[in-house]
Structures are given as structure tokens and as C-alpha cells.
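Contents: one structure, followed by commentary.
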Amino acid sequence: MAKDLWEQSAAAKDCLANLSKAMGEDLEALLWNTDEAELARSDRCQPAILAASLLAAVFLGERGVVPSAAAGFSLGEFPAMYMAGVLSLADTARVVRDRGKIMQRVCEAIASRSHAVGTAGVGTKPGMAAVIGLAPEIVEQIVGQCGDVYGANFNSSRQTVVSGTAAGLVKAVAAFKEAGARRVLSLAVAGPYHSPLMQEAADEFASVITRVDFHDPSIPFFSNVTGARAVSGAEIKRNAVLHLVRPVRWTAEEDALAALMALDS
């Protein structure tokens with residue numbers, strides 16, 4: 001990931017070196033010598049996504065392309081925080097490293113508890129699935145009837161990702177197909193992200209970032225949690241915790257960004 005950017009950009013080389021130092025992690029090895037199974041882990045994919053995102057941003061910045069607003073999808077919200085001046089590079093690196101470790105540990109604990117109470121014939125690992133071809137309102141109605149399944153990523157008018165326990169997902173998938181979903185795809189992730197099932201991780205993450213300074217953004221910054229602009233570092237810090245248990249309201253965020261661009265045009 002992003003090796004072509006790194007090879008062509010002195011700024012990208014410096015950025016990756018500084019991220020690696022702050023994390024205490026060999027990010028070159030992580031980005032270029034890691035297999036798919038390892039990258040499915042929260043503690044591996046989150047530092048990798050952060051690094052690849054920031055390499056792209058500094059590569060563009062070196063060529064005069066700088067953002068007038070910042071937004072990021074899911075983990076991408078953290079490189080967006082750096083680009084908006086909310087977090088320093090070192091704090092961004094450490095926060096993402098700790099977030100990934102916490103989430104992986106909690107996902108493993110959830111999976112262990114699920115295994116202990118698993119139903120015969122049903123997989124025991126919680127996770128996520130993309131529902132394609134149904135309106136988000138229909139998806140929300142169905143998950144509300146299934147138990148332990150939640151809308152997690154509102155990606156478009158025809159694609160919503162859900163999170164849940166294994167048994168809940170089995171029930172919901174059958175209901176989605178009956179309602180006319182074109183496809184339902186299981187995602188290669190470590191756990192049920194952006195759902196109340198991650199409350200334990202949110203509680204631990206809240207204590208981790210207590211002493212981290214979140215500054216007011218220097219450019220317009222948009223939140224996955226609200227789907228709207230966040231104007232203060234304090235609000236962004238609160239949302240960073242809620243981010244673990246609330247859905248990504250990406251369609252609302254796109255609308256807010258489009259409205260901002262319309263005002264600027």
C-alpha cells in the first residue's frame with residue numbers, strides 16, 4: 001500500500017518515518033509485507049490505513065494540492081483530524097495505535113463470549129456485512145426486528161453495512177434477502193464495528209485519550225457520528241469515543257460537504 005507514493009515523495013518518506021517512530025512500529029513492513037489475514041486485525045489495519053492515507057495527503061501537498069475541508073470514512077477520520085490540525089502527527093499515530101489495540105482485544109473477547117454461548121449450526125464470530133440493493137430505511141427497519149444487529153455504515157442510498165453478533169447476522173441476512181437485497185456480503189473485519197457491541201472498547205478508549213489535546217480544526221471538519229460539521233476540538237474528542245459505538249453517517253456527511261462546496265462556488 002502506498003509504496004509508489006513513498007518512492008516518489010520526500011515528504012511521504014519523512015511522514016512514514018515520523019509515524020513509525022511515534023508508533024514504535026515498522027510501518028514499511030506493515031504496508032508492504034503483510035498478508036490479508038493479518039490486515040483483517042484491528043491492531044494491524046488501523047495503523048496501515050492511517051499511514052496510507054497520510055502518505056497520499058502529503059504526496060498531494062508536496063504538489064500544491066491542499067484541502068479546504070476534511071472528512072474521513074471510519075478510521076479515515078483520524079488522518080482527517082491531522083490534516084485539519086486537530087491532532088499532531090505524533091498524537092494521531094499514538095491514538096490510532098492504541099485504538100486498534102483496544103478494538104482488537106475487545107473483538108477477541110466478544111468472539112470468545114459468543115463462542116461460549118454459540119448456537120449449533122451458526123457461526124460464533126460477530127462481524128459486519130454489506131447490504132446492497134435496499135434503501136437504508138428498510139435496512140434499519142429489519143435490523144430493529146432482529147436483535148443484536150445494527151446499522152453501522154450508511155454508505156449510499158443502495159448500500160448499508162450492518163454489524164452484529166453471528167446469530168443476529170444470520171437472522172438479518174435471511175430477512176434482507178427476503179426483502180429483495182441484491183447481495184449481502186460478509187466483510188473481512190475483526191468485529192462488529194460502529195455498533196453498541198463495541199461499548200467496552202469505547203469506555204477504554206475514552207480513558208486513553210483523556211490527556212490528548214484535540215484542537216479546534218483549522219479548516220472545516222466533518223464528523224461521521226453526526227454527519228455534520230464539528231467546530232471544536234472538544235466536540236471532535238467526544239465524537240471520537242462515540243465513533244466506536246455509533247454508525248458512520250457518510251451520506252449525510254457527503255450532503256454537508258456538498259452544501260459547503262456550493263457556498264464556496
Side-chain angles (χ1 to χ4, degrees), residues 40 45-46 49 52-53 56-57 67-81 83-84 126-166 168-198 202 217 219-231 235-236 239-240 242-265:
C45 71
Q46 294 193 28
I49 292 168
S53 299
S68 54
F73 185 93
S74 192
L75 191 278
E77 192 157 283
F78 288 88
M81 288 181 198
M83 296 305 296
M128 304 178 78
V131 184
I132 300 169
L134 290 181
E137 296 80 10
I138 295 175
V139 173
E140 286 193 283
Q141 182 180 1
I142 290 171
V143 299
Q145 299 168 354
C146 290
D148 288 331
V149 183
Y150 307 89
N153 300 336
F154 292 91
N155 295 340
S156 78
S157 62
R158 287 298 183 184
Q159 187 198 101
T160 302
V161 172
V162 297
S163 287
T165 62
L169 287 170
V170 168
K171 184 177 180 181
V173 167
F176 294 143
K177 291 180 178 177
E178 185 177 348
R182 187 160 58 86
R183 297 181 73 187
V184 183
L185 303 174
S186 295
L187 302 184
V189 294
Y193 302 157
H194 298 294
S195 80
L197 297 171
M198 297 298 295
I219 56 176
F221 178 87
F222 294 83
S223 167
N224 288 174
V225 171
T226 64
R229 185 172 173 178
V231 297
E235 179 185 4
I236 295 168
N239 285 346
L242 294 173
H243 200 242
L244 294 172
V245 294
R246 300 275 183 90
V248 173
R249 300 199 174 279
W250 190 249
T251 50
E253 206 164 335
E254 288 181 323
D255 289 343
L257 281 163
L260 177 69
M261 289 189 290
L263 288 173
D264 288 344
S265 63

Drop me the distance from [X]'s [atom1] to [Y]'s [atom2], to the nearest 0.5 angstrom.
X: Met128; Y: Asn153; atom1: CE; atom2: CG; value: 4.5 Å
X: Phe221; Y: Glu77; atom1: CZ; atom2: CD; value: 4.0 Å
X: Thr226; Y: Arg246; atom1: OG1; atom2: CZ; value: 10.0 Å
X: Leu242; Y: Glu235; atom1: CG; atom2: CD; value: 10.0 Å
X: Ile236; Y: Phe222; atom1: CD1; atom2: CZ; value: 11.0 Å
X: Met198; Y: His243; atom1: CE; atom2: NE2; value: 12.0 Å

Closest contact, heavy atoms only, [X] versus [Y]:
X: Val149; Y: Leu169; result: CG2-N, 3.7 Å
X: Ala71; Y: Glu253; result: CB-OE2, 3.3 Å
X: Leu197; Y: Thr165; result: CD1-N, 3.8 Å
X: Ile219; Y: Ser68; result: CB-O, 3.8 Å
X: Ala230; Y: Pro217; result: O-CG, 3.7 Å
X: Pro192; Y: Ser163; result: C-OG, 3.5 Å

Partner residues of [X] under the side chain to side chain donor-acceptor pair (under 3.5 Å) criterion, sequence neighbours left out:
X: Tyr193; answer: Ser42
X: Thr160; answer: none
X: Ser74; answer: His194
X: Glu137; answer: none

*Would you say Asn224's side chain and Gly72's backbone share a donor-acceptor pair under 3.5 angstrom?*
yes

*Check whether more than 12 heavy atoms from other residues, nucleotides or ligands sit under 6.0 Å from atom CD of Glu178, and answer yes or no.*
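12 or below, so no.
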
*Considering residues at least two apart in sequence or located in another chain, which fulfil the side-chain contact (heavy atoms from CB on, under 4.5 Å) criterion with Pro247?*
Phe154, Arg249

*Could you pull out all residues at least two apart from Ile142 that satisfy side-chain contact (heavy atoms from CB on, under 4.5 Å)?*
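So Ile142 forms a side-chain contact (heavy atoms from CB on, under 4.5 Å) with Leu134, Ile138, Cys146, Ala175, Phe176, Ala179.
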
